[in-house]
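Accompanying notes for the structure given below.
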There are 2 protein chains.
Amino acid sequence: MSYEGSSAVVNGRQNGRPTLEQVAARAGVGRGTVSRVINGSPRVSEQTRTAVARAVAELGYVPNQAARALAGSRTDAIALVIPEAEARLFAEPYFLDLIRGVSAELADADKQLLLTLVRSEQERQRFEQYLAAQRVDGVLLASVHGDDPLPDRIRELGLPVVMNGRRSEAEPVPYVDSDNIGAGRAAVAHLVGGGRSRIATVTGPLDMYVARARLGGYRAGLAEAGHAPDEALVSAGDFTEEGGRRAMRLLLDRRPDLDAVFVASDVMAAGARGVLREAGRRVPEDVALVGVDDSAVARLMDPPLTSVRQPIEEMGRTMARMLIREIHGIQEGGEASEEPRRHVLPTELIVRESC
Amino acid sequence: MSYEGSSAVVNGRQNGRPTLEQVAARAGVGRGTVSRVINGSPRVSEQTRTAVARAVAELGYVPNQAARALAGSRTDAIALVIPEAEARLFAEPYFLDLIRGVSAELADADKQLLLTLVRSEQERQRFEQYLAAQRVDGVLLASVHGDDPLPDRIRELGLPVVMNGRRSEAEPVPYVDSDNIGAGRAAVAHLVGGGRSRIATVTGPLDMYVARARLGGYRAGLAEAGHAPDEALVSAGDFTEEGGRRAMRLLLDRRPDLDAVFVASDVMAAGARGVLREAGRRVPEDVALVGVDDSAVARLMDPPLTSVRQPIEEMGRTMARMLIREIHGIQEGGEASEEPRRHVLPTELIVRESC
DNA sequence: AACTAGTGTGGGAGCGCTCCCATTGCCATA
DNA sequence: TATGGCAATGGGAGCGCTCCCACACTAGTT
């Protein structure tokens, strides 16, 4: 079948991949010594190390991961969990960028990435099973809703967790978030600076902290500029294009005199932009627009959309780094060095022609 | 140290997770029997099965994956490899859709997805190491270039592989592709049907089969419509927006009288559209445009872009399904049922206002 | 009554590592 | 010369499964 041909007489192995034992035999040392060399223990003489290294190279030895995991009870793999529903909502590149960041950091640490898209409640339960099967050393959680019990569940299993975003202001689980309040504030400041005074906002779904934070930033921005709050200028969307359309129509109904909108995502901004066009409003002459995400959508809109950029890939990297540290903390037993368990990364306003 | 705590008297386990042995003890049967029940062997009496199931439930037993992998030499995980460079080029949603399809199919088969973004030659080698460590039962490969040796390398390791796309017409490795020739043909047919006669094309990088196939479809479409081929109407891009711009400028230089362009990707079409605007050509009045991918970009362009849709998620599912079958073929030893090793899924023209 | 042919079932023998306890040899110290 | 200490090493004892052989036990044959 797909077995080895008659190839290797060269090396001592007969079939399948060589084992530690075979490497040891070839190098003329014991199993323990080979293990030490493989794992970089300092307690090996230079001479022995070289001999073992040669045997490893000659046999093309690669340690069997399952055996390592079983004997050492660590898998060198982590799981990244993404709720499928959200994967569709978010500006498309979001999760890919996040994955990219996580993946880069894990590669540097020589760990593997297990990607889990969770589609349904049933699959979520299967995922918990799977954690219990001790396949991973830790978990990264993306896009968690306000009432999600999963993070706590995982911690109960004794697994380290880091989330992307938080469920509330006082999040007990370690997380990496972007400065969503700062995002709203910067957007409003820019609009105010451009001479706008009747600034509305289309928010995300308010059961998500990220949406509340951006709204909070918007309010803070207005306050700082000395504008009175006006709830008629606030309309809730749901991060979809259609939601953006609906919210924009509502705003136009309620306050036809608005002259700017801070939309909490680029995708919703695309919807809003369509409604404005239908209503005969010009962008940016009549109404200025600012989005969030700085996605491809923003660049391609007509006019190109000013948008608040989040350092998504960097968030991914940071999450992975935090998780790895925590895992090491547990494995080495060295009491967790109590480093910051929450990171809020800065956002940046990318100015384009929409305001 | 980690020996019996005083904890759970409720169930038989002492600390950490329960083992097969403990389940066996509780159910009053042997290890082998529990294993049979867990793995759904028919050779167990109904009565015993029930008793074991109860013990499993009571203890909250979940089999340890590492032990299973070691003893059974299968991991129930597969790797999906995506070259990072391509991840940036392709219309953004592509890989996410692919991942979605793969993930869905794997979830149904209760297998895990290991995602590997390959950034550099160094990382590619690490990936081979990693395959040798027997972490996965098979490999899914996305976006393979014409001269990529990786697919063959993996097969030499005795691992099943399925690719997304192919390296050449006569691809020996099993693959799933979309009908790129049909895509080009359909686009041209549509343009011809709209009364266009000087139809140009912007191709992808011609070292990729996908680019050659779309070009082939374009030519076939012209031939079928009775148009003579004209190499001045063909310009090579590289799947980037900037590449699309360059190629479009070249075309406009060479054949200012062109009245339609089939662009081999939406992203390049966005670039081309910009150049056309700068040149004072209206879309679709002066020049009709057709892209490929039916991405968000296409929907958001002004005017919205007619584009050929590929069933990306379906490709992902199909790939996963093929791979799983092949893995079973090997594991059950049942000689590979010699089912089709190549699938070409149909594409679909999505007509919008750009032509 | 002695046989065959199944079913169910128990449990030994690994799978290929890591962990850790011995053991060896060597040098510095008493 | 005896003694302790330490670096380097070997290898036993698992880790928690799957595989498979052996052994009951039943029931249907001759």
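Computed from a prediction, not measured in an experiment: that's the story for all the values here. First the proteins, then the strands, lettered A, B, ... as listed; each starts at 1.
- Closest to the side chain of B:N39, from the set D:dT9, C:dT9, D:dT18, is D:dT18.
- Other residues, nucleotides and ligands contribute at most 12 non-hydrogen atoms within 6.0 Å of the CD atom of B:Q47.
- In plain terms, the two heavy atoms of B:Y130 and A:Q112 that are nearest each other are CE1-CD, 2.9 Å.
- Ranking D:dC15, D:dC17, C:dC17 by closeness to the A:T19 side chain, first place goes to C:dC17.
- What separates CG of B:L20 from P of D:dC19 is a distance of 12 Å, to the nearest Å.
- With hydrogens and angles ignored, a donor-acceptor pair under 3.5 angstrom links the side chain of A:R31 to the base of D:dG12.
- Contact of B:R43 with C:dG6 (side chain to base): no donor-acceptor pair of N or O atoms is detected under 3.5 Å.
- Per the geometry, CD belonging to A:Q134 stands 12 Å off C1' belonging to D:dC17, to the nearest Å.
- With A:Q22 contributing its side chain and A:T19 its backbone, the two residues share a donor-acceptor pair below 3.5 Å.
- Residue A:A71 has its side chain nearest to D:dC15 when only D:dC15, D:dT18, C:dT9 are considered.
- If you check distances only, the side chain of A:R36 does reach the base of D:dG10 with a donor-acceptor pair under 3.5 Å.
- Applying the 4.0 Å criterion to OP1 and OP2 of D:dA8, one finds that A:S45 has every side-chain N and O outside that range.
- Salt bridge A:R342/A:E171: absent, no basic N to carboxylate O contact under 4.0 Å.
- With C:dT9, C:dC17, D:dT9 as the candidates, the nucleotide lying closest to the side chain of A:T48 is D:dT9.
- B:E21 places its CD atom 10 Å from the P atom of D:dG16, with the value rounded to the nearest Å.
- Here D:dC15 presents its C1' atom at 4 Å from CG of A:L70, a figure rounded to the nearest Å.
- Taking atom CZ of B:R135 as the reference point, atom C1' of C:dG16 lies 15 Å away to the nearest angstrom.
- When the P atom of D:dC17 is taken as reference, atom CG of B:D76 falls 14 Å away, rounded to whole Å.
- Atom CZ in A:R74 sits about 13 Å away from atom P in C:dC17, given to the nearest Å.
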message: salt bridge (charged side-chain N to carboxylate O under 4.0 Å, His left out) for B:D148 and B:R124? Distances and angles first, verdict last.
response: CA-CA 11 Å; B:D148 199 329; B:R124 246 199 51 169; 3.0 Å; yes
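- Of the residues near DNA chain C, A:Y61 and B:T33, the one whose nearest nucleotide (by heavy atom distance) lies more toward the 5' end is B:T33.
- In this entry the distance linking CZ of A:R68 with P of D:dG14 reads 22 Å, nearest Å.
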